[in-house]
Amino acid sequence: MNWKNFVEMMVVYEEGEETLWETSSIPDKELRWGKSVCPYCGVGCGVLVGEKEGKIHKVRGNPEHPANRGLLCAKGGTLPLMLDTPDRLSFPSLREKASSEFERANWEKTLGFIAEKTKAVLKNDGPEAFAFYISGQLLTEDYYVVNKLAKGFLGTNNVDSNSRLCMASAVAGYMTSLGADGPPTCYDDIEESNCFFLIGTNTAACHPVTFQRIKNRKASNPKEIKVIVADPRRTRTAEMADLHLPLKPGTDVALLNAMLHVIEKEGYLDQAFIRNHTADWEKLKNILPLYSPEKAAEICGIEASLIREAALLFAKASSALSFWSMGLNQSSSGVAKNNAVINLHLATGKIGKPGSGPFSLTGQPNAMGGRETGGLAHLLPGHRLIGNERHRAEMEQFWNVAEGRISPTPGLTAIELFRAVEAGKVKIIWIVATNPLASIPNLNFVKAALAKAELVICQDVYHPTETTHMAHVLLPAAQWSERDGTVTNSERRVSYLEKIREPPGEAKPDWQIFCEFARRMGFEKEFSFESAEDIYEEYKKTTRGTGVDIGGVSYARLKKEFIQWPCPDEHAGSTPRLYTDFRFPTSDGRARFQAREYAPPAEPTDEAYPFILTTGRVRDQWHTMTRTGKIDSLLKAEPYAFLELHRDDAEKLGIGENEMVEVHTRRGFAKAPAHLSENIRPGTCFMPFHWGSLWGEADINAATVDAFDPISKQPELKFCAARLTRLEPVKAET
Ligand SMILES: Nc1nc2c(c(=O)[nH]1)N[C@H]1C(S)=C(S)[C@@H](COP(=O)(O)OP(=O)(O)OC[C@H]3O[C@@H](n4cnc5c(=O)[nH]c(N)nc54)[C@H](O)[C@@H]3O)O[C@H]1N2
Ligand SMILES: Nc1nc2c(c(=O)[nH]1)N[C@H]1C(S)=C(S)[C@@H](COP(=O)(O)OP(=O)(O)OC[C@H]3O[C@@H](n4cnc5c(=O)[nH]c(N)nc54)[C@H](O)[C@@H]3O)O[C@H]1N2
Ligand code: SF4
Ligand SMILES: [Mo]
């Protein structure tokens with residue numbers, strides 16, 4: 001193999017930046033190469049991992065993996081640098097109070113202590129007083145075990161995940177429109193599509209390898225292949241577009257309904273598809289007159305002609321793929337936005353066909369696996385629902401627990417959960433692979449909540465993080481490359497991650513920690529798994545006959561191939577596309593149009609707080625920076641947080657480039673240097689949420705709002721009202 005080619009195949013953003021990936025001078029042939037998947041974003045790039053003497057030295061894109069075909073972005077390429085940092089958590093430790101020092105303890109004592117406390121709380125306060133808050137970065141096996149333990153054995157459905165902040169609106173959108181969760185599309189559709197509609201996604205920064213594929217497709221026939229981007233900011237994604245719609249945040253439903261209005265008026269509906277494969281068109285049709293392009297233009301703050309043009313580009317194209325992520329999901333009308341995108345595909349028959357369909361980009365590497373295994377408070381394994389009696393009975397029989405053991409009440413969702421901790425109703429909170437004291441909106445309440453909890457357990461790979469600071473118990477987890485298991489990427493593709501080196505100190509795989517705790521709680525037999533593969537084999541059986549049937553997937557196969565579900569038996573291969581026969585998993589086989597009206601965001605701007613504050617990501621940082629924040633080459637592009645603001649607004653406020661600004665909302669504030677630009681709507685400002693309180697005063701989630709969508713309960717991280725003030729430079733003391 002010629003490794004040089006792999007370097008050249010990596011995504012190069014700008015000339016000169018390739019050097020970001022050079023993590024070791026050891027020649028490739030001296031390394032032992034294992035196979036894995038990048039543990040960052042939901043693109044799910046296959047990687048080859050070079051190890052020597054227990055250390056990981058290099059990561060390359062795996063040319064055989066269908067998600068990336070050898071490509072990688074800088075985050076994936078620099079993975080070796082995040083493993084052996086001085087703050088790796090290597091031993092369990094304990095303390096009485098959050099104000100005391102941690103003391104190192106062994107697993108025996110630590111898990112014994114947690115089990116004793118849990119038994120007391122279950123007895124005195126009931127199972128609802130116990131909760132897990134987990135993460136889309138866990139592997140499928142971890143997810144399955146923790147859900148089985150809580151929902152089937154401890155008797156609490158309080159297992160919610162940071163996916164609530166991420167994909168919950170997409171889950172509810174697919175279920176209400178199509179009858180089941182999961183994107184029906186695949187990455188290979190990119191090379192078959194003639195129109196890309198990117199709405200509420202900065203794909204260039206957040207799914208760089210997928211973006212590269214879209215870019216290549218566009219470049220193959222720039223005249224014929226159209227790209228539409230709807231984002232209040234002119235991002236690097238928008239720079240590639242034929243048409244950029246710089247809409248006002250929160251107004252997507254008005255835009256999407258107006259696009260459908262135009263499509264109907266201009267005669268581009270696929271009448272046969274609507275008649276044969278959908279229901280409730282009339283209901284949707286009845287609200288369309290309210291969304292003329294002119295009316296929507298007022299709501300969205302863009303020209304009506306742009307809306308018309310977008311609608312016609314989408315409708316006239318022989319195929320169209322819609323990509324979206326947090327600009328739609330993180331909204332108090334997140335589910336409505338999802339339904340409104342899917343409506344466009346149903347109305348034009350652009351679904352279940354090569355190059356066409358709705359394609360939500362999952363954020364985290366295994367948000368999909370989480371959804372499959374029941375990793376949200378309202379779900380059970382195999383896309384089952386807590387609220388469905390038959391589904392509960394199926395899982396009770398499977399787990400061999402008493403009828404009625406699974407509580408019929410869905411558990412608390414992320415924001416509700418921390419509110420319940422604050423109210424003293426949830427006493428024990430066990431936080432795994434997520435950093436809520438940096439990532440949940442309106443942080444001050446989260447801080448108050450954790451201060452109130454009787455027991456805060458943090459299972460992480462580093463200490464300190466913003467959250468481990470407030471823990472009573474620290475449990476060291478093995479991380480990427482130190483344990484094996486599986487993940488599912490955005491296109492429903494399951495990949496296997498090898499264990500390539502030993503974890504540091506006494507760190508253990510997450511699933512193993514859950515099982516050892518479960519055994520101490522008296523469930524020896526049910527949690528006697530000896531390997532991740534054992535767990536996979538059990539989980540697999542729960543999917544039999546469901547839409548996510550993976551009966552034919554096994555570790556043996558995954559060591560050789562990467563399989564898209566459903567794959568019901570060992571003779572079946574991948575299923576690249578769903579609904580190719582246009583039958584949907586609803587009672588009558590028809591997809592459902594959802595008539596969704598535009599509703600304003602939860603906290604509109606006013607005189608006191610005149611700016612719309614929206615938040616998001618930058619290309620080279622991952623979330624709360626526990627990993628990427630330690631890598632100098634990644635910090636180069638954006639060394640510190642910033643507030644992006646339109647030049648005209650800055651001028652009115654007397655704010656100059658790089659001058660410190662305080663962003664104030666009704667809940668709190670953050671401070672950051674101003675980045676002035678013409679690439680953001682006047683009246684809107686943007687701040688990345690990566691830099692938490694360990695980095696200074698730039699933690700924007702101290703200011704964001706914790707309002708959420710009434711159906712998905714996903715918080716509105718993309719919109720709140722803010723006031724901006726220039727801070728006087730601090731004078732040097734003389
Ligand atoms: N580099 C990097 N990549 C990542 C991550 C990371 O932390 N860093 N995280 C991963 C995860 S978990 C996720 S969820 C994804 C997120 O991926 P994205 O959703 O692409 O990222 P964001 O920056 O959160 O938001 C996307 C865009 O939404 C726009 N936006 C804001 N409000 C609205 C609105 O009301 N309507 C519309 N149409 N657009 C709006 C913002 O201007 C922003 O450009 O990225 C994944 N990939
Ligand atoms: N304002 C604002 N806030 C947001 C968003 C936004 O757009 N704007 N986006 C939201 C979204 S979409 C998301 S997904 C969340 C992400 O927010 P978080 O989940 O809080 O972010 P991470 O930094 O990824 O946290 C992962 C944690 O797991 C640890 N870890 C890594 N590997 C392992 C492992 O193998 N095992 C264990 N046990 N721990 C591990 C890491 O050290 C880190 O502490 O943020 C949300 N918050
Ligand atoms: S695109 Fe996503 S999965 Fe691929 S290397 Fe970059 S961060 Fe990792
Ligand atoms: Mo996310």
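Counting convention: from 1, in listed order, for ligands and their atoms alike. One-based numbering along the sequence shown.
Near Ala478, with a cut-off below 4.0 Å to any heavy atom, the atoms of ligand 2 are 35 (O). Atoms of ligand 2 found under 4.0 Å from any heavy atom of Gln479 (numbered from 1 in listed order, with element): 35 (O). Taking every non-hydrogen atom of Thr626 and a distance limit under 4.0 Å, the qualifying atoms of ligand 2 come out as 41 (C), 42 (O), 43 (C), 44 (O). Near Tyr462, with a cut-off below 4.0 Å to any heavy atom, the atoms of ligand 2 are 42 (O). Close approach of ligand 2 to Ala477 (heavy-atom distance below 4.0 Å) involves ligand atoms 36 (N), 37 (C), 38 (N).
Here Asn701 has side-chain heavy atoms under 4.0 Å from ligand 2, and that is the only part of it that gets that close. Here Asp510 has side-chain heavy atoms under 4.0 Å from ligand 2, and that is the only part of it that gets that close. Residue contacts with ligand 2, taken as heavy atom pairs separated by less than 4.0 Å, involve Ala433 via backbone and side-chain atoms alike.
Salt bridge Arg667/Asp706: absent, no basic N to carboxylate O contact under 4.0 Å. Using a 4.0 Å cut-off between charged side-chain N and carboxylate O, Arg501 and Asp84 make a salt bridge. In summary, Arg483 and Asp142 engage in a salt bridge, as defined by a charged side-chain N under 4.0 Å from a carboxylate O.
Between Thr465 and ligand 2, a contact under 3.5 Å exists for no N or O pair. In terms of N/O distances under 3.5 Å, ligand 2 is approached by Asp460.
Under the ring pair (Phe, Tyr, Trp, His ring centres under 6.0 Å) criterion, Tyr40 pairs with Trp622, not counting sequence neighbours. Every residue meeting the ring pair (Phe, Tyr, Trp, His ring centres under 6.0 Å) condition with Tyr133, not counting sequence neighbours, appears here in chain and number order: Phe418. Residues satisfying the side chain to side chain donor-acceptor pair (under 3.5 Å) criterion with Gln459, sequence neighbours excluded, are Trp430, Asp510.
Distance alone, capped at 3.5 Å, is enough to place a donor-acceptor pair between the Thr237 side chain and the Ala204 backbone. A donor-acceptor contact shorter than 3.5 Å links the side chain of Thr614 to the backbone of Lys718.
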* Begin from the C-alpha positions of Ile214 and Met240 and carry the test side-chain contact (heavy atoms from CB on, under 4.5 Å) through to its verdict. => CA-CA 10 Å; Ile214 300 172; Met240 198 228 331; 3.9 Å; yes

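Protein residues with a heavy atom under 4.0 Å from ligand 1 are Cys41, Lys75, Cys166, Ile199, Gly200, Thr201, Asn202, Ala205, Cys206, His207, Ala230, Asp231, Pro232, Arg233, Thr235, Leu247, Pro249, Gly250, Asp252, Ser325, Met326, Gly327, Lys337, Gly363, Gln364, Thr614, Gly616, Arg617, Val618, Arg619, Gln621, Trp622, His623, His690, Lys718.
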